[in-house]
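Remarks on the structure that follows.
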Amino acid sequence: MKIYDYLIIGAGSAGCSTAYFLHKEDKSVAVIDREGIAGGASGAAGAFLSPLPGKKNLYNTTVNDALNFSIDFYEKLLPDAVDKKGVLRVANDNFQEDKLAQNHIEHTYFDTKKIQYISKDFRDIDGYFYENAAVIEPIQICKELTKECDFYKEDIKELTFKNGYYLANGIKAKNIILSQGVSSHLVDIPYVTISPIFGLRIDVKTTSNVPFNIHKSISVSTNKRDGNISIGATHERHDSSKMECLTTCDKCSFYVNSDDMQINTLLAQADELIKLENLEVTKIYKGARATIKSYFPVIGKVVDFEASLKKHPSIKNGTKIPQESLEYYPNMYIINALGSRGFVFGPYLAKILTEHILYNTQIPKELSTQKLFYKMARNK
Ligand SMILES: Cc1cc2nc3c(=O)[nH]c(=O)nc-3n(C[C@H](O)[C@H](O)[C@H](O)COP(=O)(O)OP(=O)(O)OC[C@H]3O[C@@H](n4cnc5c(N)ncnc54)[C@H](O)[C@@H]3O)c2cc1C
């Protein structure tokens, strides 16, 4: 039986990017997904790569660093799957003019006259143009990232660890990476509480020319290489009043608004930005984004919550225990909670995680598993 160095569970942006960087370091890597490559949220993504404007803070700095890294990375990886034509951000209630204008990201203000000069199809809008923005083909990208790795279409219900090796549906490996998106963790990780945010995105055909991506409350892409324009995406929380959960979040259909309502909302919001002539919806995509309260993604070694608290019960009272003294699941790592920016974060986080695993480099605190562990342990 082949023994892999790494077994990655979940073939979305997180898992595929991690597979790529580990393989580049000459590690043997297997990737598993019950739905195929990019069968979860990653296959549904827009996939828009846009800056997060506003006054500098830790979160938008992380997003914008990730964006700069990832656009460059994808352009080198698979240029044919990247349309980098920039994005026009139009102010809305959440993102008013000052946030769009006052920041360190290079931008140009386009008034209505200039926008009308670019295309008569634009509605009466003005906005801020950011050059470093793109739209990519998410499924092609995920396939390219994993093309040198072995892929297994399996549903893993259980992981066993024996004599230093993990076994999952007969596949054996020394190390495990959990990149499961909204699906239930395969081991107990109570401090990483994932909330799904469901979303729907559409592809449309139109005879109109959209010169760059446009974003207000939703995004409208430029005309992509396949002739489509992506419009997305909605944000829907689970309607928990309806019924108990009988399925995993990525399969759930109990959301507040029907597909038709969501499609109509997307089309109406797109129409506020630009007139799309001879419009025809060609494909509907649905998925669930994995988010946690802090909005930061999480990467790193998987802390064993119960064993760590048993070893250091005084953590609950605030005693500072260094992270090296915590208990961890052996050779197990996680990369998750990429939220609405899975393709912005994917390669950036996967590189940090790979360097941490192989060279013991530090993971920034705000992204670490330990930060979430301490928070929950102290609240217990
Ligand atoms: C409608 C929509 C639009 C979006 N638009 C954008 C966008 O424009 N830009 C952007 O950057 N991001 C966007 N996102 C967010 C982005 O898609 C996600 O952040 C990203 O895909 C998350 O990647 P992931 O690998 O963590 O999760 P996923 O892609 O969900 O991958 C997790 C995978 O794990 C598999 N899995 C889990 N458990 C098991 C198991 N036990 N056995 C086997 N397989 C398992 C699942 O089948 C799934 O395929 C959007 C998301 C949605 C839903």
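Index from 1, following the sequence. Read the numbers this way: they start at 1 and go in the same order the structure lists the ligands and their atoms.
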Is the shortest side-chain heavy-atom distance between H104 and N64 below 4.5 Å? no
Plane angle bin for F373 and F305 - parallel if under 30°, tilted between 30 and 60°, otherwise perpendicular: perpendicular
Contact check: D33 vs ligand 1, nitrogen or oxygen atoms, below 3.5 angstrom: yes
Enumerated ligand 1 atoms positioned under 4.0 Å from heavy atoms of G12: 25 (O), 29 (O), 31 (O)
At under 4.0 Å between heavy atoms, which part of K286 makes contact with ligand 1: side chain, backbone, both or neither? neither
Ligand 1 to E154, heavy atom cutoff 4.0 Å, flagged ligand atoms 42 (N), 43 (C)
List ligand 1 atoms under 4.0 Å from R341, heavy atoms only on the residue side. 10 (C), 11 (O), 12 (N)
In terms of atom number and element, which parts of ligand 1 are under 4.0 angstrom from non-hydrogen atoms of G287? 53 (C)
Here the pair of heavy atoms bringing S308 nearest to E327 is OG-N, 2.9 Å
Heavy-atom proximity to atom 22 (C) of ligand 1 ranks first, among S42, G232, P138, for S42
At under 4.0 Å between heavy atoms, is it the side chain or the backbone of S340 that contacts ligand 1, or both, or neither? backbone
List ligand 1 atoms under 4.0 Å from G199, heavy atoms only on the residue side. 1 (C)
Between atom CZ of F161 and atom NZ of K174, what is the distance when rounded to the nearest 0.5 Å? 12.5 Å
Value rounded to 0.5 Å, distance of OH in Y20 from CD in E148: 9.5 Å
How are the rings of H107 and Y130 set to each other: parallel, tilted or perpendicular (split at 30° and 60°)? tilted
Heavy-atom distances under 4.0 Å decide this one: backbone, side chain, both or neither, for I335 against ligand 1? neither
Interatomic distance, D304 atom CG to M332 atom CE [nearest 0.5 angstrom]: 9.5 Å
Does the N or O separation between G342 and ligand 1 drop below 3.5 Å for any pair? yes
Heavy-atom pair of closest approach, residues L100 and V90: CD1-C, 4.0 Å
Polar-atom distance check: E35 versus ligand 1, any N or O pair below 3.5 Å? no
A student checking ligand 1 against S183 at a 4.0 Å heavy-atom cut-off should list atoms 37 (C), 38 (N)
Within-4.5 Å side-chain heavy-atom neighbours: V63 and P51: no
Check R89, E97, K99 against Y128 for a side chain to side chain donor-acceptor pair (under 3.5 Å) and give me the one that passes. E97
For ligand 1 and R289, I'd like to know whether there is a polar contact (N/O to N/O, distance under 3.5 Å). no
Contact region, S179 to ligand 1, non-hydrogen atoms below 4.0 Å, reads backbone
To the nearest 0.5 Å, tell me how far I8 CD1 sits from T146 OG1. 9.5 Å
Taking both backbone and side-chain atoms of L200, is any N or O found less than 3.5 Å from an N or O belonging to ligand 1? no
Within a distance under 4.0 Å of any heavy atom of L338, pick out the atoms of ligand 1 and give their elements. 19 (O)
Are the aromatic ring centres of F122 and F212 under 6.0 angstrom apart? yes
Does ligand 1 come near enough to A14 that some N or O of the ligand is less than 3.5 Å from an N or O of the residue? yes
List ligand 1 atoms under 4.0 Å from G10, heavy atoms only on the residue side. 33 (C), 34 (O), 35 (C)
Polar proximity ligand 1 side, A11 side, N/O cut 3.5 Å exclusive: no
Note: heavy atom closest to atom 15 (C) of ligand 1, options G339, A41, A45, belongs to G339
Test side chain to side chain contact (heavy atoms under 4.5 Å, CB included), reference L349, set I299, T18, T62, output is I299
Under 3.5 Å, N or O to N or O, is Q180 touching ligand 1 that way? yes
Would you say I156 and ligand 1 have an N/O pair spaced under 3.5 Å apart? yes
